[in-house]
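Just so we're on the same page: letters track the sequence lines, and every chain starts at 1.
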There are 2 protein chains.
Amino acid sequence: MSEAAGPARVDRGPARRYDPDRRQRIIAACLDVIAERGVAGTSHRRVAAAADVPLGSMTYHFAGMAELLQEAFGAFTGTVAATFERRMAPATDEESARAAVVALICDDLLGVDRELVLTHELYTLAAREESYRELTNAWMRASRAALERHFDPATARILDALIEGLTIHRALDTVPHDRALVVDAVERACAG
Amino acid sequence: MSEAAGPARVDRGPARRYDPDRRQRIIAACLDVIAERGVAGTSHRRVAAAADVPLGSMTYHFAGMAELLQEAFGAFTGTVAATFERRMAPATDEESARAAVVALICDDLLGVDRELVLTHELYTLAAREESYRELTNAWMRASRAALERHFDPATARILDALIEGLTIHRALDTVPHDRALVVDAVERACAG
DNA sequence: TCGCCATAGGTACGATCGTACACATCGCGG
DNA sequence: CCGCGATGTGTACGATCGTACCTATGGCGA
């Protein structure tokens, strides 16, 4: 009858779980909380609840809130940069590369606009604190490097800015993106 | 000897000041606090201290934190939109209009990058809450209208996105902007 | 001139937060 | 097989916050 779950613990005291990658789970839960309630609404207690770990685990695994946020956003930028890279990679000629850029601007990278919220939260931190700016700089360098494998440096920079701006407009605008306009914009940017 | 300051109040009880535009001063102080400590670090107490008013004035003049932030960012977007408009207005032909756009991208609108921090804070709120999105939408409409007095609609939209993206890159990048690149980008955007 | 009420000012309350800390548990090296 | 240190857990403390609320003041209409 008994489930073969671990070394048959008798219920002596509170449940203690063997949880090798608890740190990773906390980081993932932290990003969920940030996406839902913002950095301002992110607390040790809420992250702990989301990750299903006791409050004490927070101070054990992370020196403080700052370290937790730093690691969470590090994981976030890594994921997004990898997705960006993967989406651009298949393009062989410049035309397909342009199509890939258009798709990047018009589509979500990760689910329902979650990454847009997280991006703004990160930018807000980066606008004020040096340590986060290093994170965003690394991210920007990665994006630009990915673009420069398909376009010349000047065009890559302009496309990078265009992606940034149009993505923000997509996030903040109530009307959906006009795909034809995006195509037009990308073509102009490439027509140097 | 006595300073001729007001109606010669005797020091009966705590100082009470006649302060007709206290509301406005609180809003201005609120923006200062946000610029310095972020929305997350903005509290009634800190704003009250910055505006040099007692804590009780906060709840008297504003129904709550949300109303205060809403009004503060309303004042902010109004100011920035007006500055944008004023900087674009003098342009008569398209060439001078393009020069104005380049200047807008490369220069600060209001002092030492203060508006960049505030902009990110606002975007972060707007990415999550509808009420702030109305604010950013109105702002975007105003910017686009200002651009459309000098460019055709499609170009105006692209320029708008370009301004957005390049401004963000200026805020987050450690290296200063290359003005030649900005000129190039604006020219490509106008070359539809 | 007088009294009313919009405005100003001080303080207390309950909630929430970050963090510290004492204790429990058990994988694993010796 | 043992014990010790890495890891997990529960709780308490002091700080800060938003807000409510009561009192005091004085500009201004009657």
Q. Hey, which of these two, B:Arg45 or B:Asp19, hits DNA chain C nearer its 5' end, going by closest nucleotide?
A. B:Asp19

Q: Using the six-membered ring wherever Trp is involved, compare the ring planes of A:Trp139 and A:Tyr123 and label them parallel, tilted or perpendicular (cut-offs 30° and 60°).
A: tilted

Q) Is there a residue in residues 46-71 of chain B whose heavy atoms reach under 4.0 Å of DNA chain C, and which residues are they? A) B:Pro54, B:Leu55, B:Gly56, B:Tyr60, B:His61

Q. Does D:dT16 have OP1 or OP2 sitting under 4.0 Å from an N or O in the side chain of B:Ser43?
A. no

Q: Specify the separation, in whole Å, of atom CD1 of B:Ile26 and atom P of C:dT7.
A: 12 Å

Q: Please answer whether the main-chain N or O of A:Asp160 pairs with a side-chain N or O of A:Arg144 as donor and acceptor at a distance below 3.5 Å.
A: no

Q. Taking only side-chain nitrogens and oxygens of B:Arg23, does any of them come within less than 4.0 Å of OP1 or OP2 of C:dA8?
A. no

Q: Output, in order, the C-alpha distance, side-chain angles, deciding distance and verdict of side chain to side chain donor-acceptor pair (under 3.5 Å) for A:Ser43 and A:Arg37.
A: CA-CA 10 Å; A:Ser43 67; A:Arg37 329 260 309 208; over 6 Å; no

**Q.** A:Ile34/A:Phe73 under side chain to side chain contact (heavy atoms under 4.5 Å, CB included): CA gap, chis, key distance, verdict
**A.** CA-CA 10 Å; A:Ile34 295 173; A:Phe73 277 113; 4.0 Å; yes

Q) Do the side chain of A:His150 and the main chain of A:Met88 share a donor and acceptor less than 3.5 angstrom apart? A) yes

**Q.** Distance in angstrom units between A:His44 NE2 and D:dT9 P, rounded
**A.** 16 Å

Q. Within a reach of under 6.0 Å around CD of A:Glu130, are more than 12 heavy atoms found that belong to other residues, nucleotides or ligands?
A. yes

